[in-house]
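Below is one structure, written out as structure tokens; the observations come after it.
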Amino acid sequence: DVKVTQSSRYLVKRTGEKVFLECVQDMDHENMFWYRQDPGLGLRLIYFSYDVKMKEKGDIPEGYSVSREKKERFSLILESASTNQTSMYLCASLRGGADTQYFGPGTRLTVL
Amino acid sequence: QKEVEQNSGPLSVPEGAIASLNCTYSDRVSQSFFWYRQYSGKSPELIMSIYSNGDKEDGRFTAQLNKASQYVSLLIRDSQPSDSATYLCAAPAGAYSNSGYALNFGKGTSLLVTP
């Protein structure tokens, strides 16, 4: 079974803090994704990585950066957290050539 | 901007009935479509994928694709209370690589199956 894990289920941070959200997958998948999910707005893609050190911006990359130093780990970084980044963050992975994205359990981030 | 549109619902059906969930998409060149189910407080999980016009059946689930009308639907036969969830329709987004692609998701349709 594919397993995608995220470092925290719930996180509370203060405005201006630097925040790291970690995602790890154990199936050697090439592709990894960060989405955020908000009521009424659905799932929106923040960043996408298709290989180590490779990344592509999604629909809403502003205020975020990512890091992929190892194939199994994809980190989302909020350089200076703001209240409008309060959201559910979902990581997903996808094997190269396949179609099924597997999601992690999500991190509910609250920025005060 | 490639868009995937769904009626947010809630769609309420009695137990044992057929639930019909609909989705339209804007990108005519999309070739593959996905239905994810998301229970409250959980992450999405894939339940169906469809690539060709027509119907695809998997147990109680049938996905239907009409590329000419840019329309995808999901039918759930013999609906059960455990089917109560939000159903997300998805199609490939603009972010592609040689090995994969990101997805554009609709906002989801909330389904409630009443006993």
Side-chain angles (χ1 to χ4, degrees), chain A residues 1-6 9-10 23 25 27-61 66 68 71 74 88-108, chain B residues 1-10 21 23-27 30-52 56 58 63 65 72 85-110:
Chain A
D1 268 357
V2 176
K3 193 168 185 183
V4 181
T5 57
Q6 295 183 229
R9 290 302 306 274
Y10 300 94
C23 176
Q25 49 94 4
M27 287 301 291
D28 202 37
H29 287 179
E30 290 82 356
N31 304 282
M32 297 185 75
F33 310 86
W34 275 107
Y35 297 90
R36 64 177 281 179
Q37 187 171 32
D38 301 286
L41 296 177
L43 269 163
R44 293 178 291 166
L45 180 68
I46 305 172
Y47 267 99
F48 161 36
S49 170
Y50 52 91
D51 202 349
V52 175
K53 298 190 188 294
M54 306 304 288
K55 62 185 179 186
E56 287 215 16
K57 292 180 180 179
D59 296 324
I60 50 164
V66 291
R68 194 165 181 204
K71 193 174 185 180
F74 191 33
M88 171 67 83
Y89 289 87
L90 288 159
C91 174
S93 75
L94 170 72
R95 181 174 58 82
D99 284 322
T100 304
Q101 288 194 20
Y102 294 90
F103 283 85
T107 295
R108 184 165 294 281
Chain B
Q1 176 76 9
K2 301 177 184 183
E3 293 185 346
V4 177
E5 301 283 348
Q6 294 180 259
N7 187 327
S8 62
L21 304 160
C23 171
T24 59
Y25 59 93
S26 63
D27 184 12
S30 290
Q31 295 295 314
S32 46
F33 302 89
F34 307 90
W35 283 100
Y36 280 76
R37 177 177 62 199
Q38 187 174 24
Y39 291 114
S40 180
K42 302 292 187 182
S43 53
E45 57 176 335
L46 181 71
I47 54 171
M48 290 285 286
S49 57
I50 187 166
Y51 310 100
S52 304
K56 178 182 177 183
D58 183 0
L65 174 59
V72 191
T86 296
Y87 290 80
L88 305 172
C89 176
Y96 284 85
S97 75
N98 288 335
S99 67
Y101 48 81
L103 294 175
N104 258 344
F105 285 86
K107 294 176 184 177
T109 298
S110 175

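Throughout, protein chains are lettered first and strands after them, A, B, ... in sequence-line order, and every chain is numbered starting at 1. Quick caveat, the model's predicted, so the values are computed rather than measured.
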>> If we define contacts as heavy-atom pairs under 4.5 Å, which of B:Y51, B:F34, B:Y36 has the most with chain A?
In response: B:Y36
> Hey, what do you get for CZ (A:F33) to CG (B:L103), rounding to the nearest 0.5 Å?
Replying inline: 6.5 Å
>> Out of A:D99, A:L90, A:L43, return the one with the most heavy atom pairs under 4.5 angstrom to chain B.
In response: A:D99
>> Using the ring pair (Phe, Tyr, Trp, His ring centres under 6.0 Å) criterion, which residues pair with B:Y87? Sequence neighbours excluded.
In response: none
>> According to salt bridge (charged side-chain N to carboxylate O under 4.0 Å, His left out), does anything in residues 40-49 of chain B pair up with another residue at least two apart or in another chain? List the pairs.
In response: B:R37-B:E45
>> Is B:Q6 in contact with chain A via its backbone, its side chain, both, or neither, using a 4.5 Å heavy-atom distance?
In response: neither
>> With a 4.5 angstrom heavy-atom cut-off, is it the side chain or the backbone of A:Q37 that approaches chain B, or both, or neither?
In response: side chain
>> Test your reading of the model: is there a side-chain donor-acceptor pair from B:S43 to the backbone of A:G106, 3.5 Å cut-off?
In response: no
> How about A:R108: does its CZ atom have over 12 heavy atoms from other parts shown lying under 6.0 Å from it?
Replying inline: no
